[in-house]
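For reference, the structure is listed below as structure tokens.
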Amino acid sequence: MGRILSIDYGKKRTGLAVTDPLKIIAGGLATVSTFELFDFLKNYIEKEDVELIVIGDPKQSDGTPSENKARIVEFVNRWKKNMPQVPVEYFDERFTSVLAHRAMIDGGLHKKARQNKALVDEISATIILEDYMRSRQM
């Protein structure tokens, strides 16, 4: 059984989360430089069985694509060309950053820790993955 990996793709940093092999629990994996993302994922998939990548689909509140969408499409097209054995699926990521900040506050993190953008990205990826799993009732 393979894991599901989620991506909160950003211009500079990208948050990653992954399920356990039974696809029961989603947890943060890392935040990496977007420049290094492709190689990081390739290396990770060589070590771990990943059956699907879920990437956040950035939309405005009215449903139109955000400015980051073009960069994400470019990354997904490159992935599909070079790593077709691991499919990629888009999943609506609206409000995940807001939810990540709320989770940090609810978790009791101090203001300084909540300003850690890398942590916000990783939590956002985890929220995307949890929402995806819930939508598929895994």
Side-chain angles (χ1 to χ4, degrees):
M1 270 201 203
R3 299 172 187 265
I4 300 173
L5 187 142
S6 69
I7 300 174
D8 180 36
Y9 192 96
K11 185 176 181 178
K12 296 179 183 178
R13 286 174 321 281
T14 296
L16 302 170
V18 68
T19 65
D20 62 297
L22 297 175
K23 295 189 255 335
I24 297 171
I25 299 170
L29 175 62
T31 300
V32 299
S33 161
T34 299
F35 177 76
E36 299 168 345
L37 177 63
F38 193 90
D39 290 335
F40 180 92
L41 291 175
K42 256 179 84 173
N43 291 334
Y44 184 80
I45 288 169
E46 286 174 5
K47 298 173 190 142
E48 297 289 339
D49 183 19
V50 175
E51 70 180 44
L52 175 67
I53 294 175
V54 175
I55 191 163
D57 190 4
K59 297 178 182 180
Q60 305 289 343
S61 56
D62 66 0
T64 59
S66 78
E67 66 170 86
N68 201 32
K69 177 71 178 216
R71 286 186 284 273
I72 292 171
V73 168
E74 186 178 314
F75 172 81
V76 169
N77 288 341
R78 179 178 173 211
W79 184 264
K80 287 179 177 180
K81 180 179 177 186
N82 293 287
M83 299 291 290
Q85 68 275 21
V86 182
V88 177
E89 190 173 320
Y90 288 99
F91 191 76
D92 191 346
E93 71 167 27
R94 279 180 280 188
F95 311 114
T96 54
S97 293
V98 173
L99 293 171
H101 277 101
R102 171 60 38 205
M104 293 169 85
I105 290 168
D106 292 348
L109 287 177
H110 297 288
K111 186 175 182 178
K112 183 127 175 123
R114 293 193 309 261
Q115 292 172 341
N116 179 346
K117 293 180 182 182
L119 182 58
V120 173
D121 293 339
E122 190 174 320
I123 293 171
S124 294
T126 305
I127 291 170
I128 291 167
L129 187 51
E130 288 172 341
D131 288 351
Y132 176 84
M133 291 167 61
R134 199 172 7 266
S135 76
R136 302 303 187 268
Q137 297 192 355
M138 296 184 138

Mind running side chain to side chain contact (heavy atoms under 4.5 Å, CB included) on E122 and L29 for me, showing each step along the way?
CA-CA 7 Å; E122 190 174 320; L29 175 62; 5.8 Å; no
Heavy atoms of other groups near Q85 CD, more than 12 under 6.0 Å
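Check passes, neighbour count above 12.
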Please assess Y90 against I55 for the test side chain to side chain contact (heavy atoms under 4.5 Å, CB included), listing each intermediate value before the final yes or no.
CA-CA 5 Å; Y90 288 99; I55 191 163; 3.7 Å; yes
Between [X] and [Y], what is the shortest heavy-atom contact and its length?
X    : Y   : answer
M133 : T19 : SD-CG2, 3.5 Å
L16  : F40 : CD1-CE2, 3.3 Å
K11  : N68 : N-OD1, 4.2 Å
D20  : R3  : CA-NH1, 3.6 Å

With the 4.5 Å side-chain cut-off for hydrophobic clustering, are [X] and [Y] part of the same group?
X    : Y   : value
L37  : V50 : yes
V73  : F38 : yes
V76  : V18 : yes
I128 : I72 : no
I45  : V32 : yes

Between [X] and [Y] (side chain of the first, backbone of the second, donor and acceptor by atom type, cut-off under 3.5 Å), is there such a pair?
X   : Y    : result
D8  : G15  : no
S6  : A125 : yes
T34 : G10  : yes

Give a yes or no on whether a salt bridge exists between D39 and K42, defined as a side-chain N under 4.0 angstrom from a carboxylate O.
no
So do the side chains of E74 and N77 get within less than 4.5 Å of each other, counting heavy atoms only?
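Answer no - side chains too far apart.
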Going through the checks in order, is the side chain to side chain contact (heavy atoms under 4.5 Å, CB included) test met by D131 and R134?
CA-CA 5 Å; D131 288 351; R134 199 172 7 266; 2.8 Å; yes
The single option from L52, I53, I7, L5 that satisfies side-chain contact (heavy atoms from CB on, under 4.5 Å) with V88 is I53
Mind telling me whether F75 and Y9 have parallel, tilted or perpendicular rings, with 30° and 60° as the class edges?
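Geometry flag for F75 against Y9: tilted rings.
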CZ on R136 to CD on E89, rounded to 0.5 Å:
4.5 Å
